[in-house]
Amino acid sequence: MSRQAAQGVENTSELREIYRRMAEPWSRSETTDLLHSAFALDRRTAVVSSFGTEAAVLLALVAEIKPDADVVFIDTLRHFGETHRYREKLSSELGLRNIRVVRPDPGVLLSTDPDEMLFRGDPDGCCRIRKVEPLREALKDIEIWITGRKRYQSDTRSDLRKVEWAGERIKVNPLADWTQDRIVEEFRVR
């Protein structure tokens, strides 16, 4: 086994142990306490955000706790200009200092979706090359992945836990138990 591979296994084992110890207490934590705890571990941590309207709540909380947090935005190259302007405005207003924009591989796009119409005939394939693969690449060195997913968003998320083991990383869903009403209320308060 190469030295780098051995280091990866060691880090994964250590991270799995952190998850084993922290999953239960974190699952009972309030949102800001959970975020504080995740950032306090001083591990390679990233917040992945769509910079959609509801995403502003999580980003505001992150900005209060760690304005230099690594925030990843997947630019599918299919967003409206308004999305990019909102991302820039929100980042500036919140004082977020480390926004990382990741995009699909241009070579893959050229060979797989040259006319940018793949979404019509193969929406899963389009999502894979424009979202899934860029996200996988963006997270390759990340140990703690913070999301804005919430249980109310779909039936498949109805039992979403605040903390999950996801492959080789800890996945933190600090807004998992938030309701749509709580999101709206948070917008009123801020």
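Note that these values count all heavy atoms, side chains included, but never hydrogens, waters or copies made by symmetry. Each residue takes its place number in the sequence, starting with 1.
Heavy-atom contacts from other residues, nucleotides or ligands closer than 6.0 Å to CZ of Arg120 number 12 or fewer. By the neighbour-count criterion of 12 heavy atoms within 6.0 Å, atom CG of Asp68 is densely surrounded, having more than that number from other residues, nucleotides or ligands. Within a 6.0 Å sphere centred on CD of Gln153, other residues, nucleotides and ligands contribute more than 12 heavy atoms.
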### Task
Decide yes or no on side chain to side chain contact (heavy atoms under 4.5 Å, CB included) for Glu14 and Arg43, but give the supporting numbers first.
CA-CA 11 Å; Glu14 181 181 333; Arg43 305 298 290 210; 2.5 Å; yes
### Query
When you look at Thr45 and Ile142, which way does the side chain to side chain contact (heavy atoms under 4.5 Å, CB included) test go after all the steps?
CA-CA 6 Å; Thr45 303; Ile142 297 300; 5.7 Å; no
### Audit row: Asp113, Arg130, salt bridge (Lys or Arg N to Asp or Glu O under 4.0 Å) steps and yes/no
CA-CA 10 Å; Asp113 192 12; Arg130 291 185 181 273; 3.0 Å; yes
### Query
Hey, mind stepping through Ile99 and Arg87 against side chain to side chain contact (heavy atoms under 4.5 Å, CB included) and telling me if it holds?
CA-CA 9 Å; Ile99 307 300; Arg87 182 193 75 229; 4.3 Å; yes
### Task
Under the side chain to side chain contact (heavy atoms under 4.5 Å, CB included) rule, what do Asp33 and Trp26 come out as? Steps first, then yes or no, please.
CA-CA 8 Å; Asp33 293 337; Trp26 279 5; over 6 Å; no
### Task
Please test Asp159 against Arg151 for salt bridge (Lys or Arg N to Asp or Glu O under 4.0 Å), starting from the C-alpha separation and ending with a verdict.
CA-CA 6 Å; Asp159 61 349; Arg151 292 178 189 140; over 6 Å; no
### Task
Start with the C-alpha distance between Asp141 and Arg44, add both sets of side-chain angles, then the distance that settles salt bridge (Lys or Arg N to Asp or Glu O under 4.0 Å), and finish with yes or no.
CA-CA 7 Å; Asp141 295 324; Arg44 293 181 315 263; 5.3 Å; no
### Query
Glu143 and Lys171: salt bridge (Lys or Arg N to Asp or Glu O under 4.0 Å), yes or no, with the steps?
CA-CA 8 Å; Glu143 296 173 301; Lys171 192 172 190 180; over 6 Å; no
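With rounding to the nearest 0.5 angstrom, the CZ atom of Arg97 is 8.5 Å from the NZ atom of Lys66. Here Glu185 contributes atom CD and Thr179 contributes atom OG1; the two are 10.0 Å apart, rounded to the nearest 0.5 Å. To the nearest 0.5 Å, atom CG of residue Leu135 and atom CZ of residue Arg128 are 14.0 Å apart.
No side-chain donor-acceptor contact under 3.5 Å links Ser92 to the backbone of Glu88. Side-chain atoms of Ser158 never come within 3.5 Å of backbone atoms of Ser154 as a donor-acceptor pair (strictly under, hydrogens ignored). Panel note: side chain Arg169, backbone Leu139; a donor-acceptor pair is recorded below 3.5 Å. Side chain of Asn173 to main chain of Ala176: no donor-acceptor pair is present (N/O by atom type, distance under 3.5 Å, no hydrogens or angles).
Taking 4.5 Å as the limit, some side-chain heavy atom of Leu96 sits within range of a side-chain heavy atom of Leu59. Put simply, the side chain of Ile74 does not reach to within 4.5 Å of the side chain of Arg103, judged on heavy atoms. At least one side-chain heavy atom of Ile170 sits less than 4.5 Å from a side-chain heavy atom of Leu15. Side-chain contact check for Asp177 versus Lys162: some heavy-atom pair is nearer than 4.5 Å. Inter-residue side-chain proximity for Ser91 and Phe51 is flagged as met; some heavy-atom pair is nearer than 4.5 Å.
Here the options are Ile183, Leu35, Thr31, Val48, the test is side chain to side chain contact (heavy atoms under 4.5 Å, CB included), and the partner is Leu58; only Leu35 passes.
Of all the heavy atoms in Ala60 and Leu94, the pair that sits closest is N-CD1, 3.7 Å. Contact between Ile129 and Pro104 at its shortest, heavy atoms only, is O-CB, 3.3 Å. Gly167 and Trp165 make their closest contact through O-NE1, 2.9 Å (heavy atoms, listed as atom of the first residue, atom of the second, distance). Annotation for Thr147 and Arg149: closest pair OG1-N, 3.2 Å, computed over non-hydrogen atoms. The minimum heavy-atom distance between Ile146 and Phe39, with the atom names listed, is CD1-CZ, 3.8 Å. Smallest separation of non-hydrogen atoms from Ala38 and Ile144: O-CD1, 3.9 Å.
Grouping the Ile, Leu, Val, Met, Phe, Trp and Tyr side chains by contacts below 4.5 angstrom, directly or via other members, places Val108 with Leu77. Val47 and Tyr86 fall within a single hydrophobic cluster, where Ile, Leu, Val, Met, Phe, Trp and Tyr side chains are chained together by heavy-atom contacts under 4.5 Å. By the rule that hydrophobic residues join a cluster once side-chain heavy atoms approach within less than 4.5 Å of another member, Leu109 and Val132 end up as members of separate clusters. Residues Leu34 and Leu61 share a single hydrophobic cluster, defined by chaining ILVMFWY side chains whose heavy atoms lie under 4.5 Å apart. A continuous path of ILVMFWY side-chain contacts below 4.5 Å connects Val62 to Val57, so both sit in one hydrophobic cluster.
A distance below 6.0 Å separates the ring centres of Phe73 and His79.
Remark: Glu133 does not engage Arg136 in a salt bridge, criterion side-chain N to carboxylate O under 4.0 Å. The pair Glu186-Arg182 does not meet the salt-bridge criterion, since no charged nitrogen lies less than 4.0 angstrom from a carboxylate oxygen.
Applying the salt bridge (charged side-chain N to carboxylate O under 4.0 Å, His left out) test to Arg78 and every residue at least two apart in sequence or in another chain returns Glu116.
Cation-pi geometry between Lys150 and Trp178 is not satisfied (NZ or CZ under 6.0 Å from the ring centre, within 45° of the ring normal).
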